[in-house]
Amino acid sequence: QQQVKQSPQSLIVQKGGIPIINCAYENTAFDYFPWYQQFPGKGPALLIAIRPDVSEKKEGRFTISFNKSAKQFSLHIMDSQPGDSATYFCAASGSARQLTFGSGTQLTVLP
Amino acid sequence: DSGVTQTPKHLITATGQRVTLRCSPRSGDLSVYWYQQSLDQGLQFLIQYYNGEERAKGNILERFSAQQFPDLHSELNLSSLELGDSALYFCASSVGASGGAGGETQYFGPGTRLLVL
């Protein structure tokens with residue numbers, strides 16, 4: 001019940017495209033859903049996060065859509081750039097705060 | 001730069017050995033989390049400390065232990081190392097520990113890459 005399922009495993013888009021990464025969770029006690037970006041050889045860096053009382057949150061070119069009834073959330077990257085090429089992880093946490101991560105999506109943005 | 005520091009950056013050792021990984025949290029953060037990242041298991045939570053006390057345990061092996069010191073830095077001790085322990089080990093820190101209506105942002109360090117030969 002602690003699992004967070006992420007798809008797709010990899011994604012290739014052209015510059016300017018809008019990659020979408022999806023995640024689904026099972027544990028209804030989760031109340032915090034962050035997305036992290038990780039470049040090779042670096043630690044994960046927080047991109048954007050959402051709480052279940054909000055259906056959408058935008059920060060710059062990054063948008064989270066959240067569907068509480070379906071227990072799903074997704075990341076959209078508007079006007080994607082080659083510099084966005086990285087691995088993206090969704091995660092979830094409850095009151096205990098430790099993060100349960102999805103399996104990651106390797107995004108490649110072609111110039 | 002997240003403000004979380006980890007040393008060493010790389011560690012190469014042999015099976016059966018013991019190593020210590022060190023983490024200094026961001027200034028003002030009281031919580032430290034340890035995560036393991038491997039190709040087959042992904043990013044997995046190991047253990048959390050808050051202000052010197054163990055707060056939560058995840059998928060941490062009995063051969064592994066951790067502590068948080070009065071100055072809030074933390075150490076992860078890995079003993080009787082096996083080939084399968086080769087992974088990236090990340091430390092993250094946050095201001096709080098648990099409870100509340102929302103989440104606590106966790107800031108990750110650059111990691112320690114452990115290779116067990």
Side-chain angles (χ1 to χ4, degrees), chain A residues 1-10 21 23-25 27-54 57 59 62 64 66 68 73 86-106, chain B residues 1-7 9-10 21 23 25-26 29-50 54-60 66 87-113:
Chain A
Q1 202 177 12
Q2 294 295 320
Q3 197 174 14
V4 176
K5 294 182 180 179
Q6 183 172 346
S7 63
Q9 188 175 3
S10 63
I21 305 170
C23 285
Y25 64 97
N27 188 347
T28 55
F30 286 150
D31 65 358
Y32 176 67
F33 302 88
W35 284 88
Y36 281 84
Q37 179 189 57
Q38 186 179 27
F39 292 102
K42 304 290 185 183
L46 180 69
L47 265 181
I48 185 173
I50 198 168
R51 297 191 175 100
D53 53 342
V54 176
K57 183 175 181 181
E59 283 187 7
F62 300 95
I64 300 179
F66 188 86
K68 187 175 181 178
F73 57 111
T87 301
Y88 293 81
F89 292 92
C90 62
S93 72
S95 61
R97 294 288 84 92
Q98 64 261 32
L99 294 169
T100 298
F101 282 91
S103 54
T105 296
Q106 189 166 359
Chain B
D1 184 0
S2 66
V4 178
T5 60
Q6 289 187 248
T7 56
K9 190 166 184 175
H10 302 279
L21 282 52
C23 167
R26 293 189 324 149
D29 284 359
L30 299 178
S31 260
V32 169
Y33 307 78
W34 286 96
Y35 293 87
Q36 179 193 58
Q37 185 174 34
S38 61
L39 283 174
D40 54 344
Q41 297 291 326
L43 263 165
Q44 288 207 318
F45 167 71
L46 294 178
I47 195 164
Q48 177 198 3
Y49 277 80
Y50 175 75
E54 181 185 304
R55 184 58 68 102
K57 263 186 174 179
N59 298 319
I60 187 165
L88 267 167
Y89 291 85
F90 289 106
C91 164
S93 73
S94 69
V95 172
S98 62
E104 292 282 359
T105 300
Q106 291 185 28
Y107 297 89
F108 281 73
T112 293
R113 184 175 293 277

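A note on names: the letters A, B, ... follow the listed sequences, proteins ahead of strands, and every chain is numbered from 1. Bear in mind the structure is a predicted one, so any value in this text is a computation, not a measurement.
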Exercise. Can you tell if the side chain of A/Arg97 reaches within under 4.5 Å of the side chain of B/Arg55, non-hydrogen atoms only?
Worked result: no

For this session: Would you check if B/Tyr35 and A/Leu99 make a side-chain contact, meaning some heavy-atom pair closer than 4.5 Å?
Result: yes

Exercise. Is the number of heavy atoms from other residues, nucleotides or ligands under 6.0 Å of B/Arg113 CZ greater than 12?
Worked result: no

Exercise. Crowded around A/Gln106 CD? As in, over 12 foreign heavy atoms under 6.0 Å?
Worked result: no

For this session: Give, as side chain, backbone, both or neither, the part of B/Gln37 having an atom under 4.5 angstrom from any heavy atom of chain A.
Result: side chain

Exercise. What part of A/Pro44 lies closer than 4.5 angstrom to a heavy atom of chain B: side chain, backbone, both or neither?
Worked result: both

Seminar exercise, completed: Applying a strict 4.5 Å limit to non-hydrogen atoms, the region of A/Phe89 in contact with chain B is side chain

Problem set entry | Spatial distance of atom OG (A/Ser93) from atom CZ (B/Phe45) [nearest 0.5 Å] | 11.0 Å

For this session: Supply the atom-to-atom distance A/Gln98 CD to B/Leu46 CG, rounded to the nearest 0.5 angstrom.
Result: 11.0 Å

For this session: Grab the two heavy atoms, one from A/Gln38 and one from B/Phe90, that are nearest each other, plus how far apart they are.
Result: NE2-CZ, 3.4 Å

